[in-house]
Amino acid sequence: MKFCAWPGNEAICASLARALGAATFALETRHFPDGESYVRIAGDCGDEVAIVCSLDHPDEKTVPLLVLADALRAEGATRVGLIAPYLAYLRQDRQFKPGEAVSSRTFAKIISAHLDWLVTVDPHLHRYKSLSEVYSIKTQVCHAAPAIAAWIKANIEKPLLIGPDSESAQWVGDIAARIGAPSITLEKTRKGDREVEVSVPHIEKWQSHTPVLADDIISTGKTMLAAAKRLRDEHALMPVCIGVHAIFAGDAYDELLKAGARVVTCNAITHPSNGIDLTEVIAAGVRA
Ligand code: R5P
């Protein structure tokens with residue numbers, strides 16, 4: 001298998017290729033003056049290809065990604081897979097209002113029609129139990145929990161793992177169990193895309209611990225911000241905020257830093273806050 005990186009994914013592509021003993025080849029990409037994408041395969045792609053492309057900003061990336069998959073087949077690839085450490089379009093997994101598009105289904109159909117397999121990390125599966133409910137190609141889900149647990153163990157003294165909402169309870173519990181740390185879950189009410197309220201249960205008995213908020217996606221950052229401010233203002237605790245997928249829409253990252261939080265993310269999406277390497281967990285997923 002040979003690997004190529006969609007621009008922005010070079011570092012994780014190179015370290016995955018190294019971990020798997022695979023070769024890489026280069027791509028040339030740019031935009032025509034009218035905004036259309038130009039893609040050129042600048043090397044021998046071989047028979048079996050893995051494209052490494054995290055799907056943050058998915059609307060910008062999807063068309064050129066499909067163009068690339070098609071071009072690889074024209075150059076002789078017989079199987080073209082996608083390693084998307086962050087997989088987009090999973091949150092609209094049902095109609096919340098009449099007439100709404102269930103974009104997760106459409107996106108999965110498009111990807112399944114053009115790629116042969118998909119490897120991703122902690123996809124936002126909420127009402128879907130597994131990706132196979134919407135993806136018709138072979139999919140492999142990797143979990144960041146072992147890498148996050150190892151990082152916390154090496155860097156945080158007496159951690160108290162905190163999940164910002166009930167959805168996060170299971171995997172925050174998993175991280176905590178790996179390092180023998182306690183964990184609690186907060187209650188979140190989302191009132192709009194950027195309006196989140198979080199309530200903190202009694203945490204007095206954990207006062208000597210370092211709170212570690214862990215969530216799968218940091219998008220607007222409002223979930224992390226609401227939880228961090230509550231911990232700071234009501235309990236004089238400033239947490240370490242850990243996210244798997246560093247989307248940070250708008251000024252989300254700056255706002256969290258301004259609030260005094262230490263922010264550490266996994267390298268599923270390239271971002272200055274990346275401190276937790278997912279190479280091993282993704283490599284294991286590709287092997288599988
Ligand atoms: C929600 O279901 C997710 O697990 C995250 O809590 C959510 O996506 C975070 O979004 P935001 O950063 O916009 O509050």
Side-chain angles (χ1 to χ4, degrees), residues 54-59 84-97 100 102-104 107 120-131 133-134 141-145 147-148 161-176 183-201 211-232 239-266 268-274 276 278:
S54 218
L55 287 170
D56 51 306
H57 301 98
D59 292 9
Y86 172 66
L87 182 59
Y89 277 114
L90 276 168
R91 292 205 272 184
Q92 191 74 19
D93 53 6
R94 72 169 168 95
Q95 274 193 333
F96 299 93
K97 287 186 193 158
E100 275 183 351
V102 183
S103 47
S104 51
F107 191 73
T120 189
V121 182
D122 290 323
H124 191 75
L125 294 174
H126 186 190
R127 278 158 285 260
Y128 298 133
K129 295 274 167 294
S130 100
L131 288 177
E133 284 183 43
V134 278
V141 168
C142 315
H143 299 287
I148 294 175
L161 265 293
I162 305 180
D165 54 27
S166 52
E167 284 168 40
S168 59
Q170 213 179 333
W171 70 280
V172 164
D174 177 15
I175 298 169
S183 70
I184 58 165
T185 308
L186 310 185
E187 271 171 35
K188 173 167 104 178
T189 315
R190 186 179 280 284
K191 299 191 161 169
D193 285 348
R194 291 173 184 276
E195 208 185 329
V196 172
E197 279 177 12
V198 166
S199 67
V200 177
V212 180
L213 277 162
D215 207 353
D216 54 351
I217 301 174
I218 308 180
S219 179
T220 64
K222 298 298 180 198
T223 301
M224 282 290 187
L225 196 61
K229 281 184 171 170
R230 270 245 126 99
L231 289 163
R232 180 194 66 188
V240 178
C241 297
I242 297 184
V244 178
H245 302 296
I247 294 182
F248 292 117
D251 56 2
Y253 183 51
D254 288 340
E255 275 194 72
L256 270 171
L257 295 183
K258 248 190 270 161
R262 177 178 177 193
V263 185
V264 183
T265 60
C266 300
I269 296 173
T270 306
H271 188 266
S273 61
N274 289 167
I276 303 173
L278 295 179

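Fair warning: this is a prediction, and the values are worked out from it, not measured in the lab. One-based numbering, in listed order, for ligands and for the atoms of each.
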Requested in this report: Look at atom 3 (C) of ligand 1 and find which of D216, V198, V196 reaches it with the closest heavy atom.
Outcome: D216
Query raised in the report: Can you tell which of D215, T223, V244 gets a heavy atom nearest to atom 6 (O) of ligand 1?
Result: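 Considering heavy atoms of D215, T223, V244, the nearest to atom 6 (O) of ligand 1 sits in D215.
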Requested in this report: Assess whether side chain to side chain donor-acceptor pair (under 3.5 Å) is satisfied between H124 and D216, documenting all intermediate values.
Outcome: CA-CA 8 Å; H124 191 75; D216 54 351; 2.9 Å; yes
Part of [X] within contact of ligand 1 (heavy atoms, under 4.0 Å):
| X | value |
| --- | --- |
| M224 | neither |
| D165 | side chain |
| H126 | neither |

Query raised in the report: Which pair of non-hydrogen atoms, one from Y89 and one from P58, has the smallest distance, and what is that distance?
Result: CE1-CG, 3.8 Å
Query raised in the report: Starting from atom 10 (O) of ligand 1, which protein heavy atom do you reach first, and at what distance in Å?
Result: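 Looking at atom 10 (O) of ligand 1, the protein heavy atom closest to it is R190 NH2, 3.1 Å.
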Query raised in the report: Closest non-hydrogen protein atom to atom 9 (C) of ligand 1, residue and atom name please, with distance?
Result: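 The closest one turns out to be I217 O, 3.3 Å.
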Requested in this report: Determine yes or no for a side-chain-to-main-chain donor-acceptor pair under 3.5 angstrom, with N274 supplying the side chain and C266 the backbone.
Outcome: yes
Query raised in the report: Quick check: does D193 get an N/O under 3.5 Å from an N/O on ligand 1?
Result: no
**Report entry** Subset of ligand 1 atoms that lie under 4.0 Å from at least one heavy atom of E167
**Finding:**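 Close to E167: 1 (C), 2 (O).
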Query raised in the report: Which of the numbered atoms in ligand 1 are below 4.0 angstrom from a heavy atom of R91?
Result: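 So the answer, numbered in order with elements, is 7 (C), 8 (O), 10 (O).
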Query raised in the report: After noting the C-alpha distance and the side-chain angles of S273 and Y253, does the key distance pass the side chain to side chain donor-acceptor pair (under 3.5 Å) rule?
Result: CA-CA 9 Å; S273 61; Y253 183 51; 4.9 Å; no
